[in-house]
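Below, chains carry the letters A, B, ... as their sequence lines are ordered, and counting in each starts from 1.
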Number of protein chains: 2
Amino acid sequence: MHTLAPTYANETGPPDELPERLPEPAVDEIRLERIMGVLAEPLRLTIIQKLLLSSEDFDQTCGWFGFDRPKSTLTHHFKALREAGVITQRQYGLERRSRVRLEDLNTRFPGLVDLVLDWRADAG
Amino acid sequence: MHTLAPTYANETGPPDELPERLPEPAVDEIRLERIMGVLAEPLRLTIIQKLLLSSEDFDQTCGWFGFDRPKSTLTHHFKALREAGVITQRQYGLERRSRVRLEDLNTRFPGLVDLVLDWRADAG
DNA sequence: CGCCTAGTTCGAAACTACTCGTATCAGTAC
DNA sequence: GTACTGATACGAGTAGTTTCGAACTAGGCG
């Protein structure tokens, strides 16, 4: 079991029991064309959809998704998603857990999340 | 003035006073990841937005948009949009006119068009 | 016929993205 | 200490995109 006790390295706001967020764009810095580009990848679309369908209350680790791909590939895609503003990543000890920035996305691009939820990898 | 009289080269359905459509995916062949990829380009996003904001009753020529780019570049982007299923193109004599597949998009991906409409090239 | 127009096709250069192997790091357990 | 774990960073190969110039096509006009 990993530690759930967070480390507040560069804690700025009031402690919310969660580790700090990795670098990501602010809400008003999120750009639609970036989101579009990042969601053009079936694997990334799958990641977001799985995250959305899982309980919103828990962040998920890279390995939770069960993709049969090298770790370096997965790191690459998660980083792309985070830098585009689609997900937040937090460091829980050894693990890096991801969660969709649901509120931010719904504020900036209402309807976008539903598109991902309705997506089907096979016949789309 | 260009001719508005259509040529029904491979007319299949009832004549609707329009020239035939250039090859494009059927509604159920349109794939979200393809749409996303094609709308990751600011120029293409601009094209679709301009088309949506113009009168829906008229298709627009390539030149109507007033982009200061070589014609081959524009051809490339319009083709990408058409092959992804975002626009329809019809050949009016010399001109090739484009129109957003509004109904198809709203059917398959409700909310998508609004994302493009709300987009701002500068800070949006 | 030649010329203009609106657009295509081809090809090449520059750039970007995806994939992955390898090396590495920081905790945890023994 | 060693080994394992969950992940990162670097670098290389491959593939795809963007951009554009140059050559071309087809229709209309004089």
Length of the [atom1]-[atom2] vector between [X] and [N], whole Å:
X	N	atom1	atom2	answer
A:K79	C:dT19	NZ	P	16 Å
A:D68	C:dT19	CG	C1'	13 Å
A:H77	C:dC18	NE2	P	6 Å
A:Y92	D:dT5	OH	C1'	19 Å
A:L74	C:dG21	CG	P	12 Å
A:L43	C:dC18	CG	P	10 Å
A:F67	D:dA7	CZ	C1'	16 Å
B:K71	D:dG21	NZ	P	12 Å

Exercise for review: Mark yes or no for whether B:R21, through its side chain, and B:T88, through its backbone, hold a donor-acceptor pair below 3.5 Å.
Suggested key: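 Judged by distance alone, no pair lies under 3.5 Å.
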Practice item. Return yes if some donor-acceptor pair links the side-chain N/O of A:E33 with the main-chain N/O of B:E41 below 3.5 Å, else return no. Key: no
I want to check one thing: is the phosphate of [N], taken as OP1 and OP2, less than 4.0 Å away from some side-chain N or O of [X]?
X	N	value
A:R96	D:dT8	yes
B:T61	C:dA6	no
A:R69	C:dT19	yes

Could you please name the option among [options] that lies closest to any side-chain atom of [X]?
X	options	result
B:R44	D:dA7, C:dG7, D:dT18	D:dT18
B:L94	C:dA6, D:dT18, D:dC20	C:dA6
A:T75	D:dT8, C:dT19, D:dG21	D:dT8
B:E41	D:dA7, D:dT18, C:dC20	D:dT18
B:S72	C:dG7, D:dC20, C:dT5	D:dC20
A:C62	D:dA7, C:dT19, D:dT18	D:dA7

Review point. How far does CZ of A:R69 sit from SG of A:C62, to the nearest 0.5 angstrom?
Key: 12.5 Å
Review point. Between atom CD1 of A:I35 and atom CG of B:L39, what is the distance when rounded to the nearest 0.5 Å?
Key: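 These two atoms lie 13.0 Å from each other.
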Point to revise | Degree of bending in the helix from C:dC1-D:dG30 to C:dC30-D:dG1 once both end axes are built from five pairs, to 10° | key: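 Axis angle across the helix from C:dC1-D:dG30 to C:dC30-D:dG1, nearest 10°: 10°.
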Check your understanding: For B:L52 and B:L102, what are the C-alpha separation, side-chain angles and deciding distance, and is it a side-chain contact (heavy atoms from CB on, under 4.5 Å)?
Key -> CA-CA 8 Å; B:L52 288 170; B:L102 199 51; 3.7 Å; yes
**Study point:** Stepwise side-chain contact (heavy atoms from CB on, under 4.5 Å) test for B:K50 and B:W64
**Key:** CA-CA 10 Å; B:K50 280 200 166 196; B:W64 169 82; 4.2 Å; yes
Revision key, fill the gap. Smallest heavy-atom separation, B:R101 atom then B:G85 atom, equals CD-O, 3.3 Å
